[in-house]
Trainee: 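Could you have a look at this structure, given as structure tokens, before my questions?
Positions are given from 1, in the same order as the sequence printed here.
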Amino acid sequence: MRATAAVLLVLCLLTVSHAWDCQEVVNIKNLMQIDAGLGQVVATDTSQIPYYLVGDKWIRLPGSLKHITVGPAGIWGVNKDYAIYKYVAGNWVKAEGLLKQLDAGGEQFIVGANMNDTPFCLTRSATVGYKGPGSPLPWTGLPGAVKYYSCGPFGCWAVNKNDDIYLMSLNQDCQNNGWRHIGGKLSMIEVATDGSVFGVNSAGQVYTRDGITASKPEGTGWSNIPMCMRMGHVTYDLGRLWVVSKSGVTMVCTH
């Protein structure tokens, strides 16, 4: 069975569009979620074990997390009970609040969504200054309802329970101009440190947003990135596209 699966994976990789060269990440299995930013890569597996990539080795981090994020705001995560943690000096420090997903890709501020799909933002000063219990955490509730939320230098993107896509301009003080609907359907979405946007739809297809610039943060349209299996999660940083399939296979792609 394993030999058959290996052959199928090889054939699968050979069928990926020539625009992207994808290779299996062989030294990690059963990942559930992955995030990359500022040259760093973190992930969690189906057993909710968090990892940090050093060279080609995945170093197990302490604790148990169902979602982890890395970016200008540092390394943060949430566990199965929605408790929030910040990675400080080699240990997880519990933070006030409850979220099911969060993102550290903004300009040193944190965004996330809770179990009721209510979006929140934590200002830059509170995010950077948080050292542990006693540090202020003034979470700001934002309008709308989203299940997945990610920020970059040109704006924040989110999807709701119906897979509708939205864009918001949000600054480091959590001031915003509301959500703008963007055409298309995605079940998760990630914004890279350089502003690139990637996402996965309910069918496991991967898409990227074209034409994003500082003056046109909404971009011009979606382009499909052909993959040979159904994907569940995607992230991008420094020319590398990391994808995790619904069956737990992780690949890294360049073009």
Trainee: Rounded at 0.5 Å granularity, tell me how far OH in Y51 sits from CG in D45.
Mentor: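 If I round to the nearest 0.5 Å, the distance is 4.5 Å.
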
Trainee: Please say whether more than 12 non-hydrogen atoms of neighbouring residues, nucleotides or ligands are located less than 6.0 Å from NZ in K80.
Mentor: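 It does not: K80 NZ has 12 such atoms or fewer within range.
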
Trainee: Can you pull out every disulfide bond (SG atoms under 2.5 Å apart) where at least one residue sits in residues 59-128? Sequence neighbours excluded, please.
Mentor: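 Counting only pairs at least two positions apart or across chains, the disulfide bond (SG atoms under 2.5 Å apart) contacts touching residues 59-128 are C121-C174.
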
Trainee: Step through the shown structure and confirm whether more than 12 heavy atoms of other residues, nucleotides or ligands are within 6.0 Å of NZ on K161.
Mentor: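 Result for NZ/K161: open.
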
Trainee: Using a 4.5 Å cut-off on heavy atoms from C-beta on, say whether the side chain of L170 contacts that of Y149.
Mentor: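 A side-chain contact under 4.5 Å exists here.
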
Trainee: Just so I know, are the side chains of V206 and M227 near enough to count as touching, which here means a heavy-atom distance under 4.5 Å?
Mentor: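 They are in side-chain contact.
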
Trainee: Any salt bridge (charged side-chain N to carboxylate O under 4.0 Å, His left out) pairs touching residues 85-109, not counting sequence neighbours?
Mentor: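 Listed by first then second residue: K100-D117.
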
Trainee: So how far is it from R230 CZ to S202 OG, rounded to the nearest 0.5 Å?
Mentor: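 Reported to 0.5 Å precision, the distance equals 8.0 Å.
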
Trainee: Are the side chain of S245 and the backbone of S247 linked by a donor-acceptor contact shorter than 3.5 Å?
Mentor: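 Answer holds: yes.
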
Trainee: Which pairs would a plain distance check flag for residues 31-40, meaning a side-chain donor or acceptor within less than 3.5 Å of a matching protein atom at least two apart in sequence or in another chain?
Mentor:
| residue | atom | partner | partner atom | Å |
| --- | --- | --- | --- | --- |
| Q33 | OE1 | T44 | OG1 | 3.4 |
| Q33 | OE1 | I68 | N | 2.8 |
| Q33 | NE2 | I68 | O | 2.6 |
| D35 | OD1 | T235 | OG1 | 3.4 |
| D35 | OD2 | T69 | OG1 | 2.8 |
| D35 | OD2 | V70 | N | 2.9 |
| Q40 | OE1 | Y52 | OH | 2.9 |

Trainee: Considering non-hydrogen atoms only, spot the tightest contact between I110 and A73 and give its length.
Mentor: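 Minimum heavy-atom separation between I110 and A73: CD1-CB, 3.8 Å.
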
Trainee: Taking the side chain as C-beta and beyond, is there a heavy-atom pair between T193 and Y236 under 4.5 Å?
Mentor: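 Counting from C-beta outward, T193 and Y236 never come under 4.5 Å.
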
Trainee: Please evaluate residues F109 and N171 with respect to the criterion side-chain contact (heavy atoms from CB on, under 4.5 Å), reporting the C-alpha separation (whole Å), side-chain torsions for both, the decisive distance (0.1 Å), and the verdict.
Mentor: CA-CA 8 Å; F109 61 86; N171 69 14; over 6 Å; no

Trainee: Side-chain heavy atoms under 4.5 angstrom apart, residues restricted to Ile, Leu, Val, Met, Phe, Trp, Tyr: same cluster for I84 and V128?
Mentor: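 Different hydrophobic clusters.
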
Trainee: Quick one: does K66's side chain get under 4.5 Å of Y82's, heavy atoms only?
Mentor: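 Contact flag for K66/Y82 side chains = yes.
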
Trainee: Between V249 and V41, is there shared hydrophobic-cluster membership here, with clusters defined by ILVMFWY side-chain heavy atoms closer than 4.5 Å?
Mentor: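 Result: no, two separate clusters.
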
Trainee: Is S187 reaching over with its side chain to a backbone N or O of V200, donor-acceptor style, under 3.5 angstrom?
Mentor: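 Looks like yes, one N/O pair under 3.5 Å.
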
Trainee: Identify, with sequence neighbours excluded, every residue that meets ring-ring contact (aromatic ring centres under 6.0 Å, His included) alongside Y148.
Mentor: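 Y148 satisfies ring-ring contact (aromatic ring centres under 6.0 Å, His included) with H67, H233 once adjacent residues are dropped.
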
Trainee: Who pairs with K147 by salt bridge (charged side-chain N to carboxylate O under 4.0 Å, His left out), at least two apart in sequence or on another chain?
Mentor: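 Residues passing salt bridge (charged side-chain N to carboxylate O under 4.0 Å, His left out) with K147: D163.
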
Trainee: Checking the side chain of N79 only, and the main-chain atoms of D81 only, is there a donor and an acceptor separated by less than 3.5 Å?
Mentor: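 Here the side-chain-to-backbone pair exists.
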
Trainee: Taking atom CG of L142 and atom OG1 of T118, what is their separation to the nearest 0.5 Å?
Mentor: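 It is 10.0 Å, given to the nearest 0.5 Å.
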
Trainee: To the nearest 0.5 Å, how far apart are OG in S125 and CG in L122?
Mentor: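 Spacing of OG (S125) from CG (L122) equals 8.0 Å.
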
Trainee: Using modelled atom types and a 3.5 Å cut-off, is there a donor and acceptor pairing between side-chain atoms of T127 and backbone atoms of T123?
Mentor: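 Here the side-chain-to-backbone pair exists.
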
Trainee: Please report the closest heavy-atom contact between A158 and V146, naming both atoms and the distance.
Mentor: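 Smallest interatomic distance, heavy atoms only, reads CB-CG1, 3.6 Å.
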
Trainee: Determine whether I189 and V42 fall in the same hydrophobic cluster, where Ile, Leu, Val, Met, Phe, Trp and Tyr are linked whenever their side-chain heavy atoms lie under 4.5 Å apart.
Mentor: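 Shared cluster, no.
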
Trainee: According to the interplanar angle, ranging from 0 to 90°, do the rings of Y166 and W179 count as parallel (below 30°), tilted (30 to 60°) or perpendicular (above 60°)?
Mentor: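 Aromatic pair Y166/W179 classed perpendicular.
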
Trainee: Going by the salt bridge (charged side-chain N to carboxylate O under 4.0 Å, His left out) test, which pairs reach into residues 168-191, not counting sequence neighbours?
Mentor: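 Sorted result for residues 168-191: D164-K185, R180-E218.
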
Trainee: What verdict does the side-chain contact (heavy atoms from CB on, under 4.5 Å) test give for I212 and F154, after you've listed the backbone C-alpha separation in whole Å, the side-chain angles of each residue and the deciding distance to 0.1 Å?
Mentor: CA-CA 8 Å; I212 292 177; F154 308 136; 3.7 Å; yes

Trainee: Side chains of S196 and D194: any donor to acceptor distance under 3.5 Å?
Mentor: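 There is such a pair (donor and acceptor under 3.5 Å, judged by atom type) between the side chains of D194 and S196.
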
Trainee: Is there side-chain contact between L186 and I165, with at least one heavy-atom pair below 4.5 Å?
Mentor: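 They are in contact (side-chain heavy atoms under 4.5 Å apart), so the answer is yes.
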
Trainee: Do L241 and V252 make a side-chain contact, defined as non-hydrogen atoms from C-beta onward lying under 4.5 Å apart?
Mentor: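 When only atoms from C-beta onward are counted, V252 and L241 do not touch, as no gap falls below 4.5 Å.
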
Trainee: Give a yes or no on whether the backbone of P62 and the side-chain of W92 come within a donor-acceptor separation of less than 3.5 Å.
Mentor: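 Yes, W92 side chain to P62 backbone: donor-acceptor pair under 3.5 Å.
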
Trainee: Does the side chain of D210 come under 3.5 Å of the side chain of S223 through a donor N or O and an acceptor N or O?
Mentor: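 The answer is yes; a qualifying pair exists.
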
Trainee: Do M229 and K246 come close enough that some side-chain heavy atom pair is under 4.5 Å?
Mentor: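 No. Closest side-chain heavy atoms not under 4.5 Å.
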
Trainee: Taking all atoms of both residues into account, what is the closest heavy-atom pair of S135 and G129, and its distance?
Mentor: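 So the minimum-distance heavy-atom pair works out to OG-O, 3.9 Å.
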
Trainee: Answer yes or no: is there a side-chain heavy-atom contact under 4.5 Å between N27 and W58?
Mentor: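 Of all side-chain heavy-atom pairs linking W58 with N27, at least one is under 4.5 Å.
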
Trainee: With a 4.5 Å cut-off on side-chain heavy-atom distances among I, L, V, M, F, W and Y, is there a chain of contacts connecting L102 to L98?
Mentor: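 Looking at the clustering, L98 is in a separate group from L102.
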
Trainee: Going hydrophobic residue to hydrophobic residue with side-chain gaps under 4.5 angstrom, can you get from F120 over to V111?
Mentor: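 No; tracing contacts between hydrophobic side chains, which count when under 4.5 Å, never links both residues.
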
Trainee: Applying side chain to side chain contact (heavy atoms under 4.5 Å, CB included) between N176 and each of P143, S169, P119, report the one that passes.
Mentor: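 Checked P143, S169, P119 against N176; only one passes side chain to side chain contact (heavy atoms under 4.5 Å, CB included): P143.
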
Trainee: Which pair of non-hydrogen atoms, one from W20 and one from C253, has the smallest distance, and what is that distance?
Mentor: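 Heavy atoms of W20 and C253 come nearest at CE3-CB, 3.8 Å.
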
Trainee: Specify the closest pair of heavy atoms between V93 and P133, including all atoms of both residues, with the distance to one decimal.
Mentor: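 That would be CG1-CD, 4.0 Å.
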
Trainee: How many angstroms lie between OG1 in T46 and CD1 in I49, if you round to the nearest 0.5 Å?
Mentor: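 If I round to the nearest 0.5 Å, the distance is 8.0 Å.
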
Trainee: Rounded to the nearest 0.5 Å, what separation is found between the CH2 atom of W76 and the OH atom of Y130?
Mentor: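 Between W76 CH2 and Y130 OH, I get 7.0 Å after rounding to 0.5 Å.
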
Trainee: For residues G74 and A104, report the shortest heavy-atom separation together with the two atoms involved.
Mentor: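 Result for this residue pair: O-CB, 3.5 Å.
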
